[in-house]
Amino acid sequence: AWELARAATAELAPKGLALEPSTTFERSDSGRPVAVLLQLEEALDDPPEGWRTLPARPGAQVMLRSVRQVRYETLQALRRTAGGGTAAPLMVVPGAGSPDRSVAVFIAAKSTR
């Protein structure tokens, strides 16, 4: 994932764009990381080729003191708060990841469409 981020940084720099310094992980219901999401520093109406802008989503978020606090029970409580959200939980780790760093965990609300 880090090689992909370095390649994306090199590709974006000549266009005056940069990656968000936080790392965002998509997590399984058990709390295991299943994907790393690369995000541009700014949302763009016309993103570069291969990138897309996602609309804002309602949901629930909790700040935890450590990655070690991301547990199944925490994710289930957050899912209930989000009204039964079905999207994969997202965990945002500011800067370089460390188990002792605070993290934000977000679950999108269940779609009403």
Side-chain angles (χ1 to χ4, degrees):
W2 305 122
E3 286 112 22
L4 186 59
R6 279 193 288 277
T9 298
E11 177 189 327
L12 295 168
K15 300 173 185 172
L17 301 172
L19 290 178
E20 172 68 37
S22 298
T23 305
T24 301
F25 297 93
E26 188 174 281
R27 307 202 52 110
S28 70
D29 278 338
S30 66
R32 296 178 108 22
V34 294
V36 175
L37 307 177
L38 299 179
Q39 295 177 274
L40 295 175
E41 207 167 45
E42 290 181 39
L44 302 173
D45 291 330
D46 187 22
E49 186 176 334
W51 293 81
R52 60 188 172 132
T53 298
L54 299 175
R57 303 178 282 181
Q61 178 174 308
V62 65
M63 290 296 296
L64 301 172
R65 285 187 223 152
S66 164
V67 170
R68 292 181 179 101
Q69 291 183 306
V70 179
R71 297 189 180 100
Y72 176 80
E73 296 80 17
T74 307
L75 297 175
Q76 292 309 308
L78 192 58
R79 190 174 300 287
R80 285 189 299 275
T81 302
T86 57
L90 299 179
M91 183 180 79
V92 180
V93 181
S98 163
D100 298 319
R101 215 175 258 269
S102 64
V103 299
V105 181
F106 172 81
I107 293 183
K110 187 174 184 177
S111 176
T112 56
R113 290 190 220 175

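None of these values were measured; they are calculated from a predicted model.
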side-chain contact (heavy atoms from CB on, under 4.5 Å) partners of L37, counting only residues at least two apart: T24, L90
S102 side-chain N/O to M63 backbone N/O, donor-acceptor pair under 3.5 Å: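 Looks like no, no N/O pair under 3.5 Å.
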Flag, side chain of T53 to backbone of L44, donor-acceptor distance under 3.5 Å: yes
Common cluster, V36/V103, ILVMFWY with side-chain heavy-atom separation under 4.5 Å: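 Yes, same cluster.
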Nearest-0.5 Å distance, CZ of residue R80 to CD1 of residue I107: 10.0 Å
Qualifying side-chain hydrogen bond (donor to acceptor under 3.5 Å, both in side chains) pairs, either residue in residues 10-21, two or more places apart: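 For residues 10-21, and leaving out neighbouring residues, there are no side-chain hydrogen bond (donor to acceptor under 3.5 Å, both in side chains) pairs at all.
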Side-chain heavy-atom pair W51, L17 within 4.5 angstrom cut-off: no
Minimum side-chain heavy-atom gap L78-V105 below 4.5 Å: yes
Restricting to non-hydrogen atoms, name the atom on [X] and the atom on [Y] that form the minimum distance, rounded to 0.1 Å.
X	Y	answer
P58	F106	O-CZ, 4.0 Å
Q61	A104	NE2-CB, 3.8 Å
A82	A108	CB-O, 4.2 Å

